[in-house]
Every structure is written in structure tokens, then in C-alpha cells.
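First up is the structure itself, then whatever we jot down about it.
Nothing fancy with the numbering, it's 1 onward along the sequence. Values in this document were obtained by computation on a predicted structure and should not be read as measured data. Values reported hereafter were calculated over all heavy atoms of this structure, with side chains retained and with hydrogens, waters and symmetry mates removed.
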Amino acid sequence: CEVVVEMPSGSFRGEGETVQDAFMAVPLDFMGIKYKGTIRLIKDGKTAERLFPMPQLRRMFATKTAKIMWANRLEKFIK
């Protein structure tokens, strides 16, 4: 499974066996997000992509608990 976060400042990628592992592996934190961005989720040959505004992206990566919650939400896009 792979999660890619694309923003004007760069592309950040995380990989793992599950969506949660891949999301946790993305090297971003709250202060590293300064623009809106696209999250692309690739799992078992399926791809889902969605654009998020900056405040929502910041909330996603604010804490470990938020990352886990959003990983579970994003996994529903791919099913």
C-alpha cells in the first residue's frame, strides 16, 4: 500500500503493508504543511485521489491519533 501527498512544496510518500502503516510513514508534520494538497492512495492496483484544503491537511497530520483516524477514513475511498 502506498500514500502520496502532493503539494506545491513537494511530494511526500509513505509505504506500508496497510493504509495505516503507509499513512504513518509519510514524513510530514503539522508545521510542514503550508499549502493545499492532493492525497493519492494506491492499494492492490486501485488508486483513489482527493484534493484537501490546507487546514484539513494540517489536522490530518497534527497528531498520531489524527493520522490513524484519517487513514481509516481514506481506506474507505479505495473500497
Side-chain angles (χ1 to χ4, degrees):
C1 190
E2 180 181 354
V3 174
V4 180
V5 180
E6 293 179 347
M7 294 183 291
S9 61
S11 182
F12 303 91
R13 179 180 177 155
E15 292 184 16
E17 290 185 24
T18 65
V19 175
Q20 187 173 336
D21 292 340
F23 202 76
M24 297 296 281
V26 175
L28 270 176
D29 62 351
F30 182 83
M31 293 308 293
I33 299 170
K34 305 216 184 291
Y35 307 98
K36 64 182 174 184
T38 303
I39 293 183
R40 184 181 313 125
L41 175 61
I42 303 163
K43 181 180 178 183
D44 299 330
K46 297 179 184 177
T47 303
E49 186 172 299
R50 185 168 171 202
L51 178 68
F52 290 95
M54 184 195 71
Q56 192 170 11
L57 265 181
R58 279 190 157 187
R59 284 193 301 271
M60 284 181 189
F61 290 92
T63 63
K64 185 176 179 179
T65 305
K67 285 183 180 183
I68 292 169
M69 182 188 71
W70 275 99
N72 293 335
R73 284 185 183 180
L74 292 174
E75 190 169 16
K76 293 178 184 176
F77 288 134
I78 205 92
K79 290 183 180 180

Rounded distance (nearest 0.5 Å) linking atom CG of Leu51 with atom CD1 of Ile39: 9.5 Å

Residue pairs fulfilling side chain to side chain donor-acceptor pair (under 3.5 Å) with at least one residue in residues 32-41, sequence neighbours excluded: Glu6-Arg40, Arg40-Glu49

Candidate pair Met7 and Leu57, rule side chain to side chain contact (heavy atoms under 4.5 Å, CB included), full reasoning: CA-CA 10 Å; Met7 294 183 291; Leu57 265 181; 4.2 Å; yes

Val4 reachable from Val19 in the ILVMFWY side-chain graph, under 4.5 Å edges: no

Parallel, tilted or perpendicular: ring planes of Phe23 versus Phe61, cut at 30 and 60 degrees: parallel

Joint hydrophobic cluster, Phe52 plus Val26, side-chain heavy atoms closer than 4.5 Å: yes

Side chain to side chain contact (heavy atoms under 4.5 Å, CB included) assessment of Ile68 paired with Met24: CA-CA 8 Å; Ile68 292 169; Met24 297 296 281; 4.2 Å; yes

Separation between CZ of Arg58 and CG of Leu28, rounded to the nearest 0.5 Å: 11.0 Å

Met54 with Trp70, same ILVMFWY side-chain cluster at under 4.5 Å: yes

Closest contact, heavy atoms only, Gly16 versus Asp21: CA-CB, 3.9 Å

Residues that, via side-chain heavy atoms closer than 4.5 angstrom, fall in one hydrophobic cluster with Phe30: Met31

Worked check of side chain to side chain contact (heavy atoms under 4.5 Å, CB included) between Cys1 and Asp44: CA-CA 7 Å; Cys1 190; Asp44 299 330; over 6 Å; no

Lys43 and Phe77: CA distance, side-chain angles, deciding distance, side chain to side chain contact (heavy atoms under 4.5 Å, CB included) verdict: CA-CA 11 Å; Lys43 181 180 178 183; Phe77 288 134; over 6 Å; no

Audit row: Glu75, Arg73, salt bridge (Lys or Arg N to Asp or Glu O under 4.0 Å) steps and yes/no: CA-CA 5 Å; Glu75 190 169 16; Arg73 284 185 183 180; over 6 Å; no

Separation of Leu41 CG from Ile78 CD1 (nearest 0.5 Å): 4.5 Å

Value rounded to 0.5 Å, distance of CD in Gln20 from CE in Met69: 12.0 Å

Glu2 CD to Arg13 CZ distance, which is reported to the nearest 0.5 Å: 3.5 Å

